[in-house]
Amino acid sequence: KNNLIDRLNIISNAHLYNHHYLKIENDNQMKFFEDQMEANHIIIDFNSKEEIDFILLSGMAATNFNVIRENIIKGINEVSGDSILIQFNNDAIDVMEVNGGVIGKFIPDKENQDILNPILYEANQIHYDLNTEKTLLIDNAEVIYGMTTLKGGEIEADLNLNLVESKIKDSILPSVSSDGESPTYGEYMIFDLKTERGNITDGYNKMDMGIFKGDDFLTDKNEDVYIQNAIFTSCDLETPHYHFGSNKMKIINSKEQIVSRPMVLYIQDFPAISLPLTILPNSNRKSKSGFIMPSFGHSSTLGTWIQDLGYYYAPNDYYD
């Protein structure tokens, strides 16, 4: 167009390669890097200066980019989807949008001490800003880091700050689960990839022994859970017959125990029993010592009743 290249149309089995050399920190030699793009069909549009304006990959589109910030190699980011739109600014990649069954993987470099495990992610749509290193996952978003799985309607991953945030979208609540355990849901979630600690606001979890709710759920890399203003009950009604309330509650994963201070037993909303410190089991194994969770009921002849409230003592698998 006007004697300038306007568009390049690759209509079958298209591949693009971007080669560049960089001097990496603490290394005097220039290193070679290759970014790859491929799809069934690729369109490249140029601006009036014959610089790339955007690249559109469609049909089994996939990219493989080196993530380098301030001459430090952070890792390799692989992503695929139905289509990928790559926009340029000042002859450099600015943003990348991936649509349709998006699957991605970030593989940290061996020198990257902040992120030690690969990050697997997927969503219906992903918006990736290369300048800020922020990735926005939209609709059916999921991020897997080590043994931890994060889900939500919308998830933002910041590889510069090593943070993952999850928010409600289209009534899909953020959730986090670890090693196949039941997920914890909440209104808002933030997870630190470096410390492997996460926080959930207005959390809810149904574990082995019952249902947990609280203002804040904090999990650490040992899979222990800390709950502020906690409520615990084995009654699954929306308004439970009873619940245990505590200002501070800790669920110790390795010991399968619940530690709280103080602990108050509420019958409906009436505080019946209060203890300064309580240790409860968090396991359905018959050989586990601890308080037996009660059940409540009501009949016209017997009135309101409680059964199975007690303590089970089992020092080993052969004696109780």
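Quick note: residue numbers are just sequence positions, from 1.
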So, for [X] and [Y], which heavy atoms are closest and what is the spacing to 0.1 Å?
X    : Y    : answer
F106 : I115 : CE2-CD1, 4.2 Å
P108 : P118 : CD-CA, 3.7 Å
D6   : K1   : CB-CB, 3.7 Å
P174 : M189 : CB-CB, 4.0 Å
E196 : L193 : CG-O, 3.8 Å
P183 : S177 : CA-CB, 3.8 Å

Next on the checklist: Can you pull out every salt bridge (charged side-chain N to carboxylate O under 4.0 Å, His left out) where at least one residue sits in residues 41-55? Sequence neighbours excluded, please.
Outcome noted: R7-D45
Do the side chains of [Y] and [X] get nearer than 4.5 Å, heavy atoms only?
X    : Y    : result
Y313 : D320 : no
F232 : K213 : no
I86  : M37  : yes
I200 : Y185 : no
V143 : L137 : yes
I103 : E142 : no
L120 : Y145 : no
L8   : I5   : no

Item to check | Set of ring-ring contact (aromatic ring centres under 6.0 Å, His included) partners for Y21, sequence neighbours left out | outcome: F32
Next on the checklist: Holding to ring-ring contact (aromatic ring centres under 6.0 Å, His included), I want the full list of residues that pass it with H127, two or more places apart in sequence or in another chain.
Outcome noted: none
How many angstroms lie between [atom1] in [X] and [atom2] in [Y], if you round to the nearest 0.5 Å?
X    : Y    : atom1 : atom2 : value
L57  : M96  : CG    : CE    : 9.5 Å
D35  : I76  : CG    : CD1   : 9.0 Å
T149 : I144 : OG1   : CD1   : 4.5 Å
L22  : N66  : CG    : CG    : 9.0 Å
I227 : I258 : CD1   : CD1   : 8.0 Å
Y128 : D94  : OH    : CG    : 12.0 Å

Item to check | Full working for side chain to side chain contact (heavy atoms under 4.5 Å, CB included) between N40 and N13 | outcome: CA-CA 5 Å; N40 291 340; N13 193 27; over 6 Å; no
Checklist entry - So D220 and T195, side chain to side chain contact (heavy atoms under 4.5 Å, CB included) or not? Walk me through it. => result CA-CA 8 Å; D220 60 22; T195 63; over 6 Å; no
Item to check | Member of Y266, F212, F270 meeting the ring pair (Phe, Tyr, Trp, His ring centres under 6.0 Å) criterion with H243 | outcome: Y266
Item to check | I11 atom CD1, neighbour heavy-atom count above 12 within 6.0 Å | outcome: no
Next on the checklist: Which residues pass the side chain to side chain contact (heavy atoms under 4.5 Å, CB included) test with K248, not counting sequence neighbours?
Outcome noted: Q228
Item to check | Passing option when F217 is tested against T201, N205, V176 for side-chain contact (heavy atoms from CB on, under 4.5 Å) | outcome: N205
Checklist entry - Regarding E38 and Q36, is there a side-chain donor-to-acceptor distance under 3.5 Å anywhere? => result no
Honestly curious: do [X] and [Y] fall in one hydrophobic cluster under the side-chain, below-4.5 Å linking rule?
X    : Y    : answer
Y226 : F244 : no
L150 : I119 : yes
I138 : V102 : no
I231 : I267 : no
V98  : M60  : no

Which donor-acceptor pairs under 3.5 Å do side chains of residues 159-172 form with protein atoms, sequence neighbours excluded?
from : atom 1 : to   : atom 2 : distance (Å)
N160 : OD1    : R69  : NE     : 3.4
E165 : OE1    : Y188 : OH     : 2.4
S166 : OG     : K151 : O      : 3.2
K169 : NZ     : D139 : OD1    : 3.0

Checklist entry - H15 vs Y17 aromatic rings, parallel, tilted or perpendicular, using cut-offs 30° and 60°? => result parallel
Next on the checklist: Checking V67 against E133 for the side chain to side chain contact (heavy atoms under 4.5 Å, CB included) test, could you report, in this order, the C-alpha distance in whole Å, the side-chain angles of both residues, the deciding distance, and whether it holds?
Outcome noted: CA-CA 9 Å; V67 181; E133 294 186 39; 4.1 Å; yes
Checklist entry - Is there a side chain to side chain contact (heavy atoms under 4.5 Å, CB included) between I126 and E97 once you walk through the steps? => result CA-CA 6 Å; I126 289 181; E97 295 182 0; over 6 Å; no
List the atom pairs, with distances to 0.1 Å, where a side-chain N or O of residues 78-85 and a protein N or O form a donor-acceptor pair under 3.5 Å, not counting sequence neighbours.
none

